[in-house]
2 protein chains.
Amino acid sequence: MERELPACPVETTLLMISDKWKVLILRDLLNGTMRFSELRRSVGNVSQKVLTANLRQMERDGLVHREVYPEVPPRVEYSLTETGRTLQPIIEAMKDWGTQYKAEHAA
Amino acid sequence: MERELPACPVETTLLMISDKWKVLILRDLLNGTMRFSELRRSVGNVSQKVLTANLRQMERDGLVHREVYPEVPPRVEYSLTETGRTLQPIIEAMKDWGTQYKAEHAA
DNA sequence: CCGTATCCTTTAGGATACTG
DNA sequence: CAGTATCCTAAAGGATACGG
């Protein structure tokens with residue numbers, strides 16, 4: 001459940017969000033709760049297996065909440081925990097930086 | 001020299017800093033100019049080949065400046081460009097978040 | 001000291017098929 | 001619909017040796 005955290009706080013953060021899709025998962029869940037299939041579409045070209053694995057890890061890290069509705073067919077909704085939402089400043093900073101960088105590197 | 005930038009700004013940022021060591025390179029170069037060997041030690045367990053490759057890519061992306069002093073033995077110093085320094089808010093946000101997260105997940 | 005070349009290992013991620 | 005299981009691939013990264 002718990003993992004060893006590096007001494008350096010930057011490395012701790014990396015441990016949590018450096019997988020290929022996690023930042024994009026955060027980007028999308030910051031807009032609100034999403035179903036699995038919905039998230040898969042919005043994140044992009046991610047396989048089901050990997051998206052599930054990423055979400056499970058984020059759940060264990062306390063960033064994501066998974067809510068299962070026992071219906072047929074099943075419905076599963078993902079949302080950010082309070083801790084997960086504290087990552088917002090990082091995602092925002094990345095959004096701002098990318099926007100600026102692209103503006104300066106346009107034709 | 002130039003690479004195709006994704007439409008999403010967050011993904012653009014990821015393209016620039018999502019390699020395993022780039023965030024740590026930024027963390028360290030934000031403290032000032034460093035020699036190659038110095039950087040290698042401070043970044044951690046990175047191989048020479050990979051550190052070089054990461055730095056070269058960051059140079060092409062306009063984030064890092066490489067200054068070669070034609071001495072014997074050679075001296076090479078790396079520093080952040082002005083654009084590179086604009087990444088500081090992201091690194092700072094990551095540092096803050098990691099610090100906070102660790103505090104809440106102690107004991 | 002800094003870097004390149006070569007080869008090899010690892011592992012994250014993809015494809016596909018199948019289930020409750 | 002939302003998974004799990006299995007197998008496979010590809011690309012990043014590591015180890016080592018050598019060169020300017």
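All chains are named by letter (A, B, ...) in the order of the sequence lines, taking the proteins before the strands, and each is independently numbered beginning at 1. Everything numeric in this text was worked out from a predicted model, so none of it was measured.
Distance, A/Arg75 CZ to D/dC1 P: 13 Å, rounded to whole Å. Going from atom CG of A/Leu51 over to atom P of D/dG3 covers 9 Å, rounded to whole Å. Atom CG of B/Asp19 is separated from atom P of C/dA12 by 15 Å (rounded to the nearest Å). Rounded to an integer number of Å, the gap from NZ of B/Lys49 to P of D/dG14 is 9 Å. Here the P atom of nucleotide D/dA2 and the CD atom of A/Glu67 are 14 Å apart, to the nearest Å. In this structure, CG of A/Leu15 is placed 15 Å from C1' of C/dT11, rounded to the nearest angstrom. What separates CD of B/Glu59 from C1' of C/dG3 is a distance of 13 Å, to the nearest Å. For A/Phe36 and D/dT4, the CZ to C1' distance is 11 Å, given to the nearest whole Å.
With rounding to the nearest 0.5 angstrom, the NZ atom of A/Lys95 is 13.0 Å from the OG1 atom of B/Thr12.
A close approach under 4.0 Å does occur between a side-chain nitrogen or oxygen of A/Tyr78 and OP1 or OP2 of D/dG3. For A/Arg66, a side-chain nitrogen or oxygen approaches OP1 or OP2 of D/dG3 to under 4.0 Å.
Where A/Val46 and B/Ser37 each meet DNA chain C at their nearest nucleotide, the meeting point lying more 5' is that of B/Ser37. Heavy-atom nearest nucleotides on DNA chain C were determined for B/Arg35 and for B/Arg56, and the one closer to the 5' end corresponds to B/Arg35.
Remark: B/Glu82 CD is loosely packed, at most 12 non-hydrogen atoms of other residues, nucleotides or ligands lying under 6.0 Å away. Other residues, nucleotides and ligands contribute more than 12 heavy atoms inside 6.0 Å of the NZ atom of A/Lys102. Applying the 6.0 Å contact sphere to CD of A/Glu67 captures more than 12 heavy atoms from other residues, nucleotides or ligands.
In the set C/dG14, D/dG13, C/dA17, D/dG13 carries the atom at the smallest distance from any side-chain atom of B/Trp21. Nearest nucleotide to the side chain of B/Pro74, out of D/dG20, D/dG3, D/dC1: D/dG20. Side-chain proximity of A/Val76 to C/dG13, D/dA2, C/dG3: nearest is D/dA2. Each of D/dG13, C/dG3, D/dA2 was ranked by its minimum atom distance to the side chain of A/Gln48; first place goes to D/dA2.
Nearest heavy atoms, A/Gly62 versus A/Thr81: O-OG1, 2.6 Å.
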